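Ligands are counted one by one from 1 in listed order, and the atoms in each one are counted from 1 as well. It should be emphasised that the depicted structure is a prediction, and the values quoted were computed from it without experimental measurement.
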Amino acid sequence: MRRGILLIIPALLAGCDGRHNWLASAGAEAQRVEDLFWVLLLGAAAIWSLVIGAAVYAHRRQVDPSLETQARRFILWGGAVFPTVVVGALLVWGLVILRDITADEGDLTVRVDGERWWWRVIYETPEGDVITANEIRLPVDRTALFRLTADDVIHSFWVPALGGKMDMIPGRETTLALTPIQTGNWGGLCAEYCGGAHALMRFDAIVMEQEAFDTWLAAQAVPAQIADDDRGFEIFQEEGCGACHTIRGTDAQGPVGPDLTHLAAREKLGAGIYDMTPETMARWVTDTHEMKPDIDMPPYPDLQGDRLDRLVAFLMSLD
Ligand code: CUA
């Protein structure tokens with residue numbers, strides 16, 4: 001038994017790589033939950049020590065009828081009044097935190113749609129919606145309001161270092177406010193079992209300075225610039241990729257899979273799981289289900305040689 005517990009510890013610590021560590025919070029909301037956690041943990045440890053101390057003391061002492069009134073008073077204050085006050089105060093504190101992190105306004109609004117097993121991401125801007133996928137960029141020190149929903153099954157949106165988590169429910173909209181206070185790449189993931197590739201449903205949450213964020217968002221809004229005779233784009237269309245994927249500015253307008261307009265500008269491929277390189281891209285196209293089991297995209301094992309190279313070069317040019 002003891003050996004079993006010792007074996008579990010390294011596995012638990014392996015999760016503390018910083019990027020997904022909610023105890024190293026990089027957001028205002030996560031910070032508040034973390035504060036609550038430490039108060040609960042230290043408070044519980046102190047109360048536990050007191051109770052155990054009292055039990056040991058009572059066990060050792062001789063029964064003394066003259067102390068009966070004192071004992072009753074101790075039970076009333078220590079056993080009823082104290083827990084009521086403490087639990088009541090914690091309840092109020094928790095409810096205030098809950099109210100703040102489920103606020104319905106922010107400096108910017110991002111809609112995220114949970115798909116199997118990736119994330120459709122839509123920035124609402126005065127000029128219209130800007131659609132991307134699997135990577136969420138945020139300006140530091142601004143509150144982003146996330147409006148969350150799901151396409152077919154329940155997912156849960158979680159960026160541990162920034163705050164959350166929040167269920168994404170088909171046919172309903174839930175909201176979550178996140179205010180990053182530190183720049184960096186904070187990993188996000190799906191925190192609710194949603195089927196086959198649940199564990200591979202991840203994303204990058206990249207927090208940037210406001211100016212860099214504005215530049216990025218403006219670039220995302222621009223349609224793809226593709227030469228008329230781009231052989232790679234022709235192969236993309238011949239293979240039917242445009243039936244599922246949209247590349248804005250072309251006649252590829254498929255609504256099923258992730259928008260690919262600025263695919264290569266993302267740091268990761270396959271919803272946060274592979275580095276975006278020509279090698280992983282080629283494998284993604286030919287060995288899709290080895291790269292990510294159960295996904296809807298069919299593999300194209302027959303696409304090889306020059307045709308594959310040209311298609312990959314085209315996809316990597318979508319920046
Ligand atoms: Cu989506 Cu688990």
Side-chain angles (χ1 to χ4, degrees), residues 11-12 14-23 25 27 29-30 33 98 101-102 109-123 129 131-138 144-178 180 185-207 244-246 254-260 263 266-276 280 284 287-299:
L12 290 175
C16 307
D17 64 351
R19 233 166 78 84
H20 294 103
N21 185 359
W22 65 274
L23 287 174
S25 51
E29 292 77 12
V33 176
L98 188 66
I101 63 179
T102 49
T109 303
V110 189
R111 299 206 305 273
V112 184
D113 195 350
E115 306 273 351
R116 286 184 312 168
W117 287 272
W118 58 280
W119 315 82
R120 193 186 296 275
V121 181
I122 303 163
Y123 287 80
D129 288 350
I131 301 174
T132 176
N134 299 331
E135 187 181 275
I136 293 170
R137 299 202 179 217
L138 299 171
L145 177 73
F146 287 93
R147 292 171 51 200
L148 307 168
T149 189
D151 200 37
D152 36 32
V153 294
I154 296 178
H155 305 273
S156 177
F157 178 87
W158 193 23
V159 187
L162 299 185
K165 51 193 95 135
M166 183 56 72
D167 276 355
M168 311 171 91
I169 303 164
R172 267 184 62 174
E173 187 179 276
T174 48
T175 59
L176 179 71
L178 294 180
N185 185 337
W186 311 105
L189 48 95
C190 178
E192 171 100 25
Y193 181 70
C194 53
H198 155 75
L200 300 174
M201 185 172 173
R202 294 171 172 254
F203 63 93
D204 279 350
I206 301 173
V207 179
C244 288
H245 294 285
T246 292
V256 183
D259 183 294
L260 301 183
L263 168 67
R266 296 174 201 151
E267 293 195 358
K268 295 272 169 53
L269 175 65
I273 56 174
Y274 293 105
D275 286 335
M276 182 72 72
T280 52
W284 183 265
D287 303 327
T288 318
H289 292 174
E290 280 73 49
M291 298 288 272
K292 188 163 177 172
D294 294 329
I295 63 173
D296 286 340
M297 177 168 152

**Fill in**
salt bridge (Lys or Arg N to Asp or Glu O under 4.0 Å) filter on D152, not counting sequence neighbours, yields R116

**Asked** So which heavy atom on H198 is nearest to which on A191, and how close?
**Response** CE1-C, 4.2 Å

**Request:** List for me each residue that meets side chain to side chain contact (heavy atoms under 4.5 Å, CB included) alongside P293, sequence neighbours excluded, and say none if there are none.
**Result:** L200

**Request:** Report the residues that fulfil side chain to side chain contact (heavy atoms under 4.5 Å, CB included) with R111, sequence neighbours left out, ordered by chain and then residue number.
**Result:** I122, E124, D129, R147

**Request:** Identify which protein N/O/S atoms are less than 2.8 Å from atom 1 (Cu) of ligand 1.
**Result:** H155 ND1, C190 SG, C194 SG, M201 SD

**Message:** If you define the side chain from C-beta out and look only at heavy atoms, does anything of I131 sit under 4.5 Å from T246?
**Reply:** no

**Prompt:** Is any side-chain heavy atom of F146 closer than 4.5 Å to a side-chain heavy atom of M166?
**Reply:** no

